[in-house]
Amino acid sequence: MNTLIGSGVLALAARGDDTWFNNPAIQRKLGPATLETFQMLGVSGALTIILGMLLGLALVSTGKRGQHANRAVYEVLSQIVNLGRSMPFIILMVALIPFTRMLVGTSLGWGAACVPLTIGAIPFYARLVETAINDVDHGKVEAALMMGASGRQITWGVLVREALPTLIQSATVTLITLLGYTAMAGTVGGGGLGDLAIQYGYRQNASDVMVLVVVLIVLVVAVIQVCGDMLSRLVDHR
């Protein structure tokens, strides 16, 4: 990535013209493209964390040590998660075009891109949730049961509470992964910074657009990671 940024800067210097802020693509498209990326990330990220959490808890609950252990149900859920995680995102986007059109009325734009983004990321986060909660000391669950805690209290008051720092770190990783997915969504009309980089940076050979998009994505990743680390430390009571 550093090589890409460096080569872009050198290319601009070699051209000898001042196009960094005078480029019409940057002046007219950069703001809307950035907003679309944040919209995709916000909507799909929120849905992924909520639905992925529920799916992950279902995996834990029906697993071997779960409160409602059911091998058949667990295997079905686990295979669905494995299938979702193994599907390359760009292929998933194309495969879901008919479903996306049926759901939102179009396959273009940031709103349509949220459908495959969410569907593609839910299995990823669900498996991270399962791993995080399974790492909670089972002795704390047994102690809660001896004190008469209900199933809901054990799930949210013990398992989720104890695993919360790891769950936040997992959500941070998932959001960063989703940001990469939003860039790929631009290749098939999903909008956002990915579409700007493809349409103007790559196809029109505008190095300034490409470098600026890369720098923005790197900065957003850094902000997400810092915020995730801070929040994880804040809720860590161990």
Side-chain angles (χ1 to χ4, degrees), residues 25-59 76-130 167 170-204 209-210 212-214 216-217 219-221 223-224 227-228:
I26 294 176
Q27 294 175 343
R28 295 198 303 264
K29 302 291 185 178
L30 184 62
T34 304
L35 178 60
E36 288 177 354
T37 293
F38 283 132
Q39 288 172 320
M40 281 188 280
L41 186 62
V43 172
S44 60
L47 291 173
T48 294
I49 290 171
I50 294 171
L51 299 178
M53 173 70 77
L54 295 177
L55 180 56
L57 290 174
L59 286 167
V76 170
L77 292 177
S78 184
Q79 290 307 314
I80 292 173
V81 168
N82 289 339
L83 178 63
R85 292 176 64 204
S86 65
M87 183 73 69
F89 178 69
I90 192 68
I91 296 176
L92 180 66
M93 278 199 72
V94 175
L96 287 175
I97 284 177
F99 177 71
T100 302
R101 284 176 177 163
M102 180 183 70
L103 200 63
V104 299
T106 180
S107 62
L108 301 176
W110 73 267
C114 288
V115 176
L117 283 170
T118 303
I119 293 175
I122 284 175
F124 178 79
Y125 186 60
R127 189 65 80 187
L128 293 177
V129 169
E130 181 191 16
L167 291 174
S170 299
T172 302
V173 172
T174 303
L175 288 175
I176 291 173
T177 302
L178 272 172
L179 182 61
Y181 286 173
T182 64
M184 283 188 279
T187 63
V188 289
L193 291 171
D195 182 65
L196 180 66
I198 293 295
Q199 296 296 332
Y200 296 93
Y202 174 72
R203 293 181 180 172
Q204 297 186 16
V209 175
M210 186 68 76
L212 196 54
V213 167
V214 171
L216 277 173
I217 291 176
L219 289 175
V220 173
V221 168
V223 170
I224 292 173
C227 291

With sequence neighbours left out, what residues match [X] under side chain to side chain contact (heavy atoms under 4.5 Å, CB included)?
| X | value |
| --- | --- |
| V104 | T100, T106, A112, V115 |
| L77 | L55, A58, L59, T62, V73 |
| L216 | L30, T34, L193 |

Side-chain donor-acceptor distances from residues 85-98 under 3.5 Å, at least two apart:
{"unit_1": "S86", "atom_1": "OG", "unit_2": "N82", "atom_2": "O", "d": "3.2"}
{"unit_1": "S86", "atom_1": "OG", "unit_2": "L83", "atom_2": "O", "d": "2.9"}

Which heavy atom in V221 sits nearest to a heavy atom in L179, and how many Å separate them?
->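 Minimum heavy-atom contact is CG2-CD2, 3.5 Å.
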Tell me, which pairs form a salt bridge (Lys or Arg N to Asp or Glu O under 4.0 Å) where one or both residues lie in residues 114-129, sequence neighbours left out?
->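 As it turns out, the salt bridge (Lys or Arg N to Asp or Glu O under 4.0 Å) pairs with a partner in residues 114-129, which skip direct neighbours, are R127-E130.
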Pair listing, salt bridge (Lys or Arg N to Asp or Glu O under 4.0 Å) test, anchored in residues 95-107, at least two apart |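 Matches after skipping sequence neighbours: none remain.
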Are the side chains of V173 and F124 in touch, meaning some heavy atoms are under 4.5 Å apart?
-> yes
Can you give me every donor-acceptor pair (side chain of residues 40-50, partner residue at least two apart or in another chain, under 3.5 Å) with its distance?
{"unit_1": "S44", "atom_1": "OG", "unit_2": "M40", "atom_2": "O", "d": "2.4"}
{"unit_1": "T48", "atom_1": "OG1", "unit_2": "S44", "atom_2": "O", "d": "2.7"}

Tell me, with the steps shown, if I119 and F99 meet side chain to side chain contact (heavy atoms under 4.5 Å, CB included).
-> CA-CA 11 Å; I119 293 175; F99 177 71; 3.9 Å; yes
Apply side chain to side chain contact (heavy atoms under 4.5 Å, CB included) to the pair T37 and W110, showing each step before the final yes or no.
-> CA-CA 8 Å; T37 293; W110 73 267; over 6 Å; no
Tell me the side-chain hydrogen bond (donor to acceptor under 3.5 Å, both in side chains) pairs involving residues 170-181, sequence neighbours left out?
->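 Every pair satisfying side-chain hydrogen bond (donor to acceptor under 3.5 Å, both in side chains) with a residue in residues 170-181: there are none.
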Which pairs count as ring pair (Phe, Tyr, Trp, His ring centres under 6.0 Å) when at least one residue sits in residues 28-55, sequence neighbours excluded?
->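 Found none.
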